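Notes to accompany the following structure.
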Amino acid sequence: MRSLAVCLLMVGVCANSQDNFDREKSAREYVQFLVLQLDQWSKEFPQQFYAAVMRPPVDASKLSEGAKAGPAELGESIKRLAALSTAPDVMANAAFRNQLAQTLAATKEMNQAMSVQRFPAVLQSSWDQIRSTLNNLARVYKLEMVAVLEPPGSGGGRRGGRGPAVVTGPVPGGLAGYIVDQSCAKKGKGMWNNAECVARCVRDGDKIVLVTEDGKIFQISNQDKVTPDSFGQVVTLVGKTDGDTITVETVKM
């Protein structure tokens, strides 16, 4: 009996060790996935930004030097972040955390500029994705996040920045958020851009929903309007809402 108890104890210790390892691996892969997204989304952003400031309605004379330098600095910061993200101890790596802090700091003046001038919608959408991903990383490492500011003419005025209120009727400009399954929507941002998990849950019969940056969940009445290529992605759903349910007309990615 004593031998059996010892064996069972050892099995339990091994199982717990495996659980801890899996959680650490999952967290590391999540961070690396976010950095990969940043690297992809930021490749064309500086060029698009500088092209936009050369023509109306953007007034380059009203941009600070920090705002003008921001996109280039951001691109270089993300490259350094990507190189450091391959470290096996990235979750506790001081160099990675410091570089992330510098990357977040490099965005402040540019982020402010994009909230007071009318940049093209495509550029604004790209910035929303970059900022959202940076803030997801900031949460992991407990760093100060980039403020979510309403761009001009966005129909803002809600305290705390983006995050659609519950409305009824047409949605001008649409509702922005992550396409996830009902279960993952309630598990926090770590699951919102896990496309494989979303696809698996949908195959198992779960419904697709839209979850906004601040965690508001919108049901989607016409599920067939949302295709698998949008799973785990930040999209804008244009359509009509009735309380917390939206009937989708178009999906903008």
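Since we're looking at a predicted model, the values are computed, not measured. Throughout, numbering of the chain's residues begins at 1 and tracks the sequence.
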For [X] against [Y], the heavy-atom pair lying closest together:
X    : Y    : value
S64  : E109 : OG-OE1, 2.6 Å
L210 : G177 : CD1-C, 3.5 Å
A176 : T236 : CB-OG1, 4.0 Å
A138 : L100 : N-CD2, 4.3 Å

Looking at [Y], is its backbone amide N or carbonyl O close enough to the side chain of [X] to form a donor-acceptor pair, meaning the two atoms are under 3.5 Å apart?
X    : Y    : answer
S85  : A82  : yes
D89  : A92  : no
Q233 : I179 : no
K108 : V146 : no
N98  : A94  : yes
N222 : V248 : yes
W192 : A185 : yes
S132 : D128 : no
N93  : A95  : yes

Check your understanding: Under 30°, 30 to 60°, or over 60°: which ring-plane class applies to F119 and F49, parallel, tilted or perpendicular?
Key ->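 F119 and F49: parallel rings.
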
Is there a side-chain contact between [X] and [Y], using heavy atoms and a 4.5 Å cut-off?
X    : Y    : result
L175 : T212 : no
F96  : L81  : yes
K225 : L237 : no
L34  : N193 : yes
V90  : V35  : no
P57  : Q117 : no

Point to revise | Distance, nearest 0.5 Å, that separates CG of L143 from CG of L137 | key: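 CG of L137 is found 9.5 Å from CG of L143.
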
Point to revise | Salt bridge present between K43 and D39 (N-O < 4.0 angstrom) | key: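 A salt bridge is present here (some side-chain N lies under 4.0 Å from a carboxylate O).
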
Count I, L, V, M, F, W, Y as connected when their side-chain heavy atoms are under 4.5 Å apart, and connections chain through other members. Are [X] and [Y] then in the same cluster?
X    : Y    : result
I217 : I246 : yes
M114 : M54  : yes
M191 : F33  : no
Y50  : F45  : yes

Check your understanding: Is Q223 atom CD crowded by more than 12 heavy atoms from other residues, nucleotides or ligands, each under 6.0 Å away?
Key ->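 Yes - once you tally the heavy atoms of other residues, nucleotides and ligands closer than 6.0 Å, there are more than 12.
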
Exercise for review: Apply side chain to side chain donor-acceptor pair (under 3.5 Å) to the pair Q219 and Q182, showing each step before the final yes or no.
Suggested key: CA-CA 9 Å; Q219 305 296 323; Q182 182 81 48; 3.2 Å; yes

